Every structure is written in structure tokens, then in C-alpha cells.
Amino acid sequence: MIDHGEAATVRPLTLALVGRQLGAGERIVGTGVLHGGITAEMRRLTIGTRDGATRDLVLRTFVDPYFVKHAGELLNREADVLARLAGTGVPAPGPVAADPTATQCEYPSLLMTHEAAGGVVVVAQQAGEGRQGVVVHDLGPPQRPRLAVDAAEDLTAFLVEPQDVRSTGEAHRLKMP
């Protein structure tokens, strides 16, 4: 579980990555914690523009060791899906910058636009939900996620002989070569 107490602080290297994505005269004027993320720290970054207006970005940062280990695939896949949804009419954030392997940031991170009203989560609640569902379905997955393959391989270490479970009520771990 992510400790949201310190999540509003943007770490220095990550702050530099965000700064490189801002336009001339733009700067971060506020940060806030977005609640609900259990796999990553989620922050809203309020950006002040040259003309005095503001816009929001969302920063997802994986800090938990398990998710840091898998962040490369997870963040690349998320950025790809968001990019593929652009221009489809489906309300979704747009990817701005990604550092899935933490080469520029302290931790793997994805910077994206802020989608008011919850983005993709509210697709089923909006008028035209059928058309949007078709658009998302037609995009299809780019490829089978490597994480799913890893998980399937990990599960093979816990194969159970069905007759053993029926006769003893206990599952036995099999030794894999």
C-alpha cells in the first residue's frame, strides 16, 4: 500500500523531467495527492501558464519494490494504450512523458494529461457508451503483456495433482526442474 502522506512531494529528478515537458513561461504552481492508487503514488500537478491560466497534469510514480520491478512493462503499456486512445473520442488522459526504467527520475514514472471527471473510468456512464466500447475493443491489445507470461510461469511452480487434493484435501507443491 502506498503511503499518501508524502506523495505530494515531487522528487528533484522527477521534477526536472516534468520541467522539460513544460512550455515557455510555464511552471508548477501546485501539487496534490490523488487518492485511490494502490500500486503507485499519484499526484496532480497544477501548471501555471504564461497567460495566467492553469492546467493539470497527473504523475504516476511506482515506488513499491514489486511494482518498480515490473514498471518498465506496465508504464510502457499504459502510455501505449493512452496514445492509441487519442483521437478516438474516448475520454482518456494523453501521455506527456514516461520514464519507465527510472533513467531520468528517482523512480519509474508516467506523466499524463489530467482527464476531468475520471477519464476512462466513466466511459460506461456517458451517453454513447456503446460506440466508445466499440472504439476501445477495436484498438485491441498491442501484444500479450510479458507480465502475464511471467505470472503464468510463476504459477507452474504450484501445480497440484487433482487426485491428491480429492483424496487428502491438501495441495502439494511440485518441484520444477
Side-chain angles (χ1 to χ4, degrees), residues 1-22 27-47 54-86 90-125 136 139-160 171 173-176:
M1 181 65 86
I2 300 300
D3 175 14
H4 293 289
E6 295 183 25
T9 304
V10 181
R11 293 169 185 88
L13 293 175
T14 306
L15 188 61
L17 173 73
V18 172
R20 289 190 296 274
Q21 309 309 311
L22 301 180
R27 62 188 179 90
I28 298 173
V29 296
T31 63
V33 175
L34 295 174
H35 295 282
I38 60 171
T39 62
E41 293 178 351
M42 299 292 293
R43 298 178 195 87
R44 179 191 309 242
L45 307 177
T46 302
I47 308 302
T54 61
R55 64 186 177 100
D56 290 322
L57 297 174
V58 173
L59 178 65
R60 175 190 310 278
T61 302
F62 287 116
V63 295
D64 179 273
Y66 174 82
F67 291 103
V68 167
K69 177 181 173 185
H70 298 290
E73 179 183 347
L74 295 170
L75 290 177
N76 279 321
R77 188 171 4 137
E78 182 175 3
D80 179 61
V81 168
L82 294 177
R84 294 174 75 206
L85 286 171
V90 175
V96 175
D99 184 12
T101 57
T103 57
Q104 302 174 57
C105 299
E106 289 83 355
Y107 292 97
S109 299
L110 173 64
L111 182 66
M112 62 194 109
T113 60
H114 177 263
E115 180 65 34
V120 176
V121 174
V122 297
V123 168
Q125 300 169 359
V136 171
L139 287 175
Q143 63 183 9
R144 184 172 181 205
R146 179 70 216 159
L147 192 58
V149 174
D150 291 343
E153 290 170 356
D154 289 346
L155 289 176
T156 61
F158 294 95
L159 294 175
V160 174
R173 181 177 178 162
L174 300 177
K175 293 183 180 175
M176 302 304 289

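For the numbers below, each heavy atom of this structure counts, side chains included, while hydrogens, waters and symmetry mates do not. Because the structure is predicted, anything quoted here is derived from the model rather than measured. We're numbering straight along the sequence, starting at 1.
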Identified side-chain contact (heavy atoms from CB on, under 4.5 Å) partner of Arg43 from the options Val33, Thr61, Thr9: Thr61
Reported CG-to-OG1 distance for the pair Leu59 and Thr31, which is rounded to 0.5 angstrom: 10.0 Å
Nearest atoms (heavy-atom pairs only) where Glu115 meets Ala92: OE1-O, 3.5 Å
Any residue meeting side-chain contact (heavy atoms from CB on, under 4.5 Å) with Asn76, in chain and number order, not counting sequence neighbours: Pro100
Partners meeting side-chain contact (heavy atoms from CB on, under 4.5 Å) with Val68 (sequence neighbours left out): Phe62, Tyr107, Pro108
side-chain contact (heavy atoms from CB on, under 4.5 Å) partners of Leu15, counting only residues at least two apart: Val10, Ile28
Separation between NE2 of His114 and CD1 of Ile47, rounded to the nearest 0.5 Å: 12.5 Å
Pairwise side-chain contact, Val96 with Thr113, heavy-atom cut-off 4.5 Å (strictly under): yes
Residues that Glu106 engages under side-chain contact (heavy atoms from CB on, under 4.5 Å), provided they are two or more places apart: Arg11, Pro12, Leu13, Thr14
Crowding at CZ, Arg55 (>12 non-hydrogen neighbours, <6.0 Å): yes
Pairwise distance CD(Gln104) to CG(Leu17) - rounded to 0.5 angstrom: 5.5 Å
Residues that Arg44 engages under salt bridge (Lys or Arg N to Asp or Glu O under 4.0 Å), provided they are two or more places apart: Asp56
Stepwise side chain to side chain contact (heavy atoms under 4.5 Å, CB included) test for Leu45 and Leu111: CA-CA 10 Å; Leu45 307 177; Leu111 182 66; 4.0 Å; yes
